[in-house]
Amino acid sequence: ALFLGFGLLAMAYGLRGEARRRGAIAWALPLMLLFISGIVLSQSRIGMAFLAVAGLFGGMMMGPRHRRTVSALIGLIAAGALYGLLQWVIYTGFGLGQLFPPGLQRLADRGIGQRLGLWQIAWEAFKAHPILGVGLGNFVQWDYRLALTQAQPLFANNAHNLFAQLAAETGLLGLLVVVVPAALSVARAWTAWVNRGVQAWESWRFLALGVCLMVLGYSLTEYPLWYVFFAVPFAMCWAVLDTPALTLHPSPQWRWPLGG
């Protein structure tokens, strides 16, 4: 579902208002319907959130610059309507609901599943070693030891939450190393963007921001950044959005060894 969300953003970028070519909509719209159908079929409980991000930023990219707020609202409504319609067609019309439930039903029935138990284990690990954590890769030992004390134990090698995982394995020090530079980067970039106004944003910014938001949102319930095929797109998109949080000016004798 996450990669399909990336695909929707990429197609919206291809249909961006300032570079749209004649005939592009004819092939892009069927592909968008196919991708949304794939998200519906994935049974993903967070798939609707991916689609909401794609609709919001896709609308901004595809609409005129001077009406981006209205375009974002139209894109969001269109994405939600298509998701609901295709879910009804696939699971009710074709009868697939008799075989397995759609994502929204899974969300209503199970919520976030057994992740609360994993987060509780991460919290216990953090409380035991709050400064440096239990060590990289050692969450699994705490999980196997403490999961048996839960009513519905779930054995996993990660906490299914980026911040819970970092807190458990690297402690407060590791959290600060990750969160502080990231917060500085986001604050500086956001200030620069707000001063320009959303109408002046280039379409590639919406594409990159959409990818980052999807991956970060997914990281609150899963562990995508532990896989290179999710981590690399996220890192590249963050890099093009980034305003440096710290600028170093080395002395002349150090510039050549450092590549400058």
Side-chain angles (χ1 to χ4, degrees), residues 1-13 35-58 79 83 102-104 106-107 110-123 125-126 133-140 142-143 154-171 174-183 185-186 189 204-242:
L2 183 56
F3 275 123
L4 292 173
F6 292 170
L8 288 171
L9 285 171
M11 282 190 288
Y13 179 77
F35 281 16
I36 297 174
S37 298
I39 292 176
V40 172
L41 281 168
S42 72
Q43 297 180 273
S44 172
R45 283 171 282 183
I46 199 174
M48 185 64 185
F50 299 152
L51 191 55
V53 172
L56 188 70
F57 291 112
Y83 184 90
L104 287 181
R106 293 181 67 223
L107 181 62
R110 299 178 56 189
I112 56 176
Q114 295 169 299
R115 287 168 176 79
L116 286 175
L118 293 173
W119 301 344
Q120 180 63 33
I121 291 171
W123 174 244
F126 175 74
V134 298
L136 292 175
N138 288 333
F139 173 85
V140 63
W142 283 77
D143 178 62
L154 176 63
F155 299 101
N157 60 2
N158 60 84
H160 283 59
N161 181 286
L162 172 65
F163 299 104
Q165 185 82 12
L166 287 173
E169 294 192 343
T170 65
L175 274 178
L176 291 176
V177 167
V178 172
V179 172
V180 171
S185 172
V186 169
W204 62 263
R205 292 188 186 274
F206 295 110
L207 172 63
L209 185 58
V211 169
C212 288
L213 287 178
M214 285 184 183
V215 175
L216 284 174
Y218 198 37
S219 295
L220 297 179
T221 59
E222 285 289 346
Y223 49 101
L225 291 177
W226 271 254
Y227 295 103
V228 68
F229 44 81
F230 289 131
V232 169
F234 175 78
M236 294 177 65
C237 288
W238 187 295
V240 299
L241 291 172
D242 180 51

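Here the structure is a predicted model, which means the values were calculated and not measured.
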Legend entry - Pair listing, salt bridge (Lys or Arg N to Asp or Glu O under 4.0 Å) test, anchored in residues 2-11, at least two apart: none

Legend entry - Any pair counted as salt bridge (Lys or Arg N to Asp or Glu O under 4.0 Å), so long as it reaches residues 210-230, sequence neighbours left out: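 Matches after skipping sequence neighbours: R115-E222.
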
List in chain and number order the residues that pass side chain to side chain contact (heavy atoms under 4.5 Å, CB included) with [X], two or more places apart in sequence or in another chain; answer none if no residue qualifies.
{"X": "L56", "answer": "A72"}
{"X": "L225", "answer": "L162, V215, S219, A231, F234"}
{"X": "V177", "answer": "none"}
{"X": "V140", "answer": "Y144, N157"}

Who pairs with [X] by ring pair (Phe, Tyr, Trp, His ring centres under 6.0 Å), at least two apart in sequence or on another chain?
{"X": "F230", "result": "F3"}
{"X": "Y227", "result": "Y223, F229"}
{"X": "Y83", "result": "none"}
{"X": "F57", "result": "none"}

Min side-chain heavy-atom separation [X]-[Y] under 4.5 Å:
{"X": "F206", "Y": "L209", "answer": "no"}
{"X": "L241", "Y": "R205", "answer": "yes"}
{"X": "V179", "Y": "F163", "answer": "yes"}
{"X": "V232", "Y": "M236", "answer": "yes"}

Legend entry - Which residues share a side chain to side chain donor-acceptor pair (under 3.5 Å) with N161, sequence neighbours left out: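 Partners of N161 under the side chain to side chain donor-acceptor pair (under 3.5 Å) test: none.
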
Which heavy-atom pair separates [X] from [Y] by the least distance, and what is that distance?
{"X": "A1", "Y": "S44", "answer": "CB-CB, 3.8 Å"}
{"X": "G58", "Y": "A12", "answer": "CA-CB, 3.6 Å"}
{"X": "A122", "Y": "A168", "answer": "O-CB, 3.8 Å"}

Pairwise distance [atom1]([X]) to [atom2]([Y]) - rounded to 0.5 angstrom:
{"X": "I46", "Y": "M214", "atom1": "CD1", "atom2": "CE", "result": "10.0 Å"}
{"X": "L220", "Y": "W119", "atom1": "CG", "atom2": "CH2", "result": "7.5 Å"}
{"X": "I39", "Y": "L2", "atom1": "CD1", "atom2": "CG", "result": "9.0 Å"}
{"X": "N158", "Y": "F139", "atom1": "CG", "atom2": "CZ", "result": "7.0 Å"}
{"X": "L9", "Y": "F6", "atom1": "CG", "atom2": "CZ", "result": "8.0 Å"}

Inset, instruction - Report yes or no: does E169 contribute a side-chain atom to a donor-acceptor pair with the main-chain N or O of G133 at less than 3.5 Å? - result: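 Absent.
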
Inset, instruction - Can you establish whether the number of heavy atoms outside W123 located under 6.0 Å from its atom CH2 is more than 12? - result: no

